[in-house]
Student: 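A single structure is presented below for examination.
Note that ligands are numbered from 1 as they come in the structure, with each ligand's atoms numbered from 1 the same way. All values reported here derive from a predicted model rather than from experimental measurement.
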Amino acid sequence: MRTKTKMIHGGVTGDEKTGAVSVPIYQVSTYQQDSAGNPRGYEYSRTGNPTRHALETVVAELENGASGFAFGSGMAAITSVMMLLDAGDHIVMTDDVYGGTYRLMTSVLNRFNLDHSYVDTSYPEHVEAAIQENTKALYIETPTNPLLKITDLAKMGEIAKKHDLLLIVDNTFATPYWQQPLNLGADIVLHSATKFIGGHSDVVAGLLAVNSDDLAERIHFIQNSTGGVLGSQDSWLLMRGIKTLGIRMEAIEHNTAKLAEFLQGDENVTTIYYPGLPSHRGHDIAKRQATGFGGIISFDAGCGGSADKILSRVNYFTLAESLGAVESLISVPAKMTHASIPADRRAELGITDGLIRISVGIEDADDLIEDLSQALE
Ligand SMILES: *Cc1c(COP(=O)(O)O)cnc(C)c1O
C-alpha cells in the first residue's frame, strides 16, 4: 500500500460490529472483565483505548514502524522518549531544536542528571566529535524550526549504528507523507501532531513510532507508567486529519514553492530559509531523503521594527504560534516560539529579531502573494 492509500485504508478502519465507516469514539475509562484478571483486550484507558489504538496502528503503518503511540502533546511524547535514558546518560541534539524541547532538556531533565550537547547536526563531523563515553542517543530535528536546517538522516543512522546510539528523529516539519526516518536508520520517530497531522488548529497531540518490538514494549511501559496519553476524542480528530494529510501537504507544498519564489524577488527580504530553494545549503540532502520540502518559510525582514510592521499589515496570515494548519500562520520566533531561548543563544543560532516564520496554508496562492506583497511594500 502506498502512503496516500495507507492514510485512508491503513490501521483499523471503521467498526466491524455496526459497519460504521469511521472508527467509533470509545469515551470510556474502564472495561468489564469476563472473570477476574481476564479482560477482553482492554482494561483501563490509560493502558489502552480502542480509539487511541486505531490511531496508533495507522501511525505505525505510516512511519513503517513496529508500533505507534499517541500522547497528550508533542512534549509528552518527547518526555516519554527521554525516559528511556538513565541519569548520567548523555544525548547529542540538533542545536536549533524546538524551543519546548530545549526547555525540557535545560530546565527539567538536567535536574535528573540527563546530560546533553547541542550540535549543528547538519555537519555530521560535528556530531561524531560530540559523542562521549556516556552518549546513548542522537536526537535530530530536520528540517529545523525556524531556520529549516537539514540533517542527513542516513548519515545519522550510520553514526548511531557505529556508536550503538539510539537515533530519535522529530519529524514534525516533514510529516510521514514526505519523510520516513525509520526507513533511513532511525529507531524512534516522533511528531507534534498538533501541527500538520492534526492540520486544523484544533487539537494538541503527540505521536511516535518505533522500529522494534523491544522499543515498543519499553515505550508502552513508560506511556502507561507516566500517563501522558491522548484522549479518545482527540485520537479521532487526528485520524480524521490523517485522511487528508496527503492532499493537504501537496496543496501546502504548491503554495510554499510559489511564496518562496515571490519572496526571492522582493528587495525588502534579505535572507530566505526554505529547503526547496536550490540556494539552500541543505537542498540536495532534503531532495534525497524526503519527497517534499514542507510548508514552512522563514525570512529576514531586516529588523524587529520591520517585522512588526509586516505582521500588522497582513490580512490572510494569522499572527499566531504553531504551524501546519490549513490557514496560513505568521510569527516572529524571537518574540514568540523562541522567546524561552536566551537572547545570546538566539543570536548564536541566527534567530534574529527581524526573522519572520510563515506556515503556509491551503488558501489560493495568489491571494497569499498579493497580501504579503502589500505588507512588504
Ligand atoms: C510544536 C512542536 C513540538 C511540541 O509539540 P506540542 O504538541 O506543542 O507539545 C515539538 N517539536 C516540534 C518540531 C514542534 O513544532
Student: As an exercise, identify every atom of ligand 1 less than 4.0 angstrom from a heavy atom of Ser73.
Tutor: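 Ligand 1 atoms under the 4.0 Å threshold to Ser73: 7 (O), 9 (O).
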Student: For Gly74, is at least one N or O under 3.5 Å away from an N or O on ligand 1?
Tutor: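 Yes, there is a polar N/O contact under 3.5 Å.
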Student: Which residue holds the protein heavy atom closest to atom 14 (C) of ligand 1, what is that atom called, and what is the gap in Å?
Tutor: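 I find the closest protein heavy atom is Lys195 NZ, 2.9 Å.
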Student: Can you tell me which residue and heavy atom of the protein come closest to atom 10 (C) of ligand 1, and the distance to 0.1 Å?
Tutor: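 Looking only at protein heavy atoms, the one closest to atom 10 (C) of ligand 1 is Tyr98 CD2, 3.4 Å.
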Student: Got an N/O contact under 3.5 Å between Thr101 and ligand 1?
Tutor: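 Thr101 vs ligand 1: no N/O contact under 3.5 Å.
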Student: Could you tell me whether some N/O pair between Glu141 and ligand 1 is separated by less than 3.5 angstrom?
Tutor: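 Glu141 vs ligand 1: no N/O contact under 3.5 Å.
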Student: Specify the protein heavy atom at minimum distance from atom 11 (N) of ligand 1: its residue, its atom name, and the distance to 0.1 Å.
Tutor: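 Looking only at protein heavy atoms, the one closest to atom 11 (N) of ligand 1 is Asp170 OD2, 2.7 Å.
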Student: Do Glu158 and Lys162 sit within salt-bridge range, that is, some charged N less than 4.0 Å from a carboxylate O?
Tutor: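 No, this pair does not count.
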Student: I'd like to check whether Asn145 has a polar contact with ligand 1, where a contact means an N/O of the residue lying under 3.5 Å from an N/O of the ligand.
Tutor: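 Looking only at distances, the answer is no, because the N/O contact criterion of under 3.5 Å is not met.
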Student: Tell me, which protein residue and heavy-atom name are nearest atom 7 (O) of ligand 1, and how many Å apart are they?
Tutor: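 Atom 7 (O) of ligand 1 sits closest to the protein heavy atom Thr194 OG1, 2.6 Å.
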Student: Met75 versus ligand 1: do any nitrogen or oxygen atoms come within less than 3.5 Å of each other?
Tutor: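 Yes; at least one N/O pair falls below 3.5 Å.
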Student: Hydrophobic clusters here meaning ILVMFWY residues chained together by side-chain heavy-atom distances under 4.5 Å, can you tell me if Phe196 and Leu329 are in one?
Tutor: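 Each belongs to a different hydrophobic cluster.
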Student: Under 4.0 Å, heavy-atom basis, I'd like to know which part of Ala205 is in contact with ligand 1: side chain, backbone, both or neither.
Tutor: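 It is the backbone that gets close, since no side chain atom is under 4.0 Å.
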Student: Any side-chain donor paired with an acceptor under 3.5 Å for Thr94 and Thr121?
Tutor: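 The answer is yes; a qualifying pair exists.
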Student: What do you reckon, does Thr144 put a non-hydrogen atom under 4.0 Å from ligand 1?
Tutor: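 It does not; every heavy atom stays at 4.0 Å or beyond.
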Student: Name the orientation class of the two ring planes belonging to Tyr274 and Phe293 (parallel below 30°, tilted from 30 to 60°, perpendicular beyond 60°).
Tutor: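 Plane angle over 60°, so perpendicular.
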Student: Can you sort out which atoms of ligand 1 are near Ile78, meaning under 4.0 Å from one of its heavy atoms?
Tutor: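 Checking each atom against Ile78, I get 10 (C).
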Student: Start with the C-alpha gap between Glu253 and Arg248, add the side-chain angles, then the distance that decides, and say whether salt bridge (Lys or Arg N to Asp or Glu O under 4.0 Å) holds.
Tutor: CA-CA 8 Å; Glu253 176 93 354; Arg248 279 189 286 113; over 6 Å; no
Student: Determine, step by step, whether Asp86 and Lys136 satisfy the salt bridge (Lys or Arg N to Asp or Glu O under 4.0 Å) criterion, reporting the C-alpha distance in whole Å, the side-chain angles of both residues, the deciding distance to 0.1 Å, and the verdict.
Tutor: CA-CA 9 Å; Asp86 294 320; Lys136 294 289 163 61; 5.8 Å; no
Student: Measure from NZ or CZ of Arg46 to the centre of the six-membered ring of Phe71, then state whether that distance is under 6.0 Å and the direction lies within 45° of the axis.
Tutor: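 No.
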Student: If you apply the rule salt bridge (Lys or Arg N to Asp or Glu O under 4.0 Å), what do you find for Asp152 with Arg288, and how did you get there?
Tutor: CA-CA 9 Å; Asp152 187 331; Arg288 195 183 333 127; 3.4 Å; yes
Student: Can a cation-pi geometry be assigned to Lys243 and Tyr177, taking NZ or CZ under 6.0 Å from the six-membered ring centre and within 45° of the ring axis?
Tutor: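 So Lys243 doesn't make the cation-pi contact.
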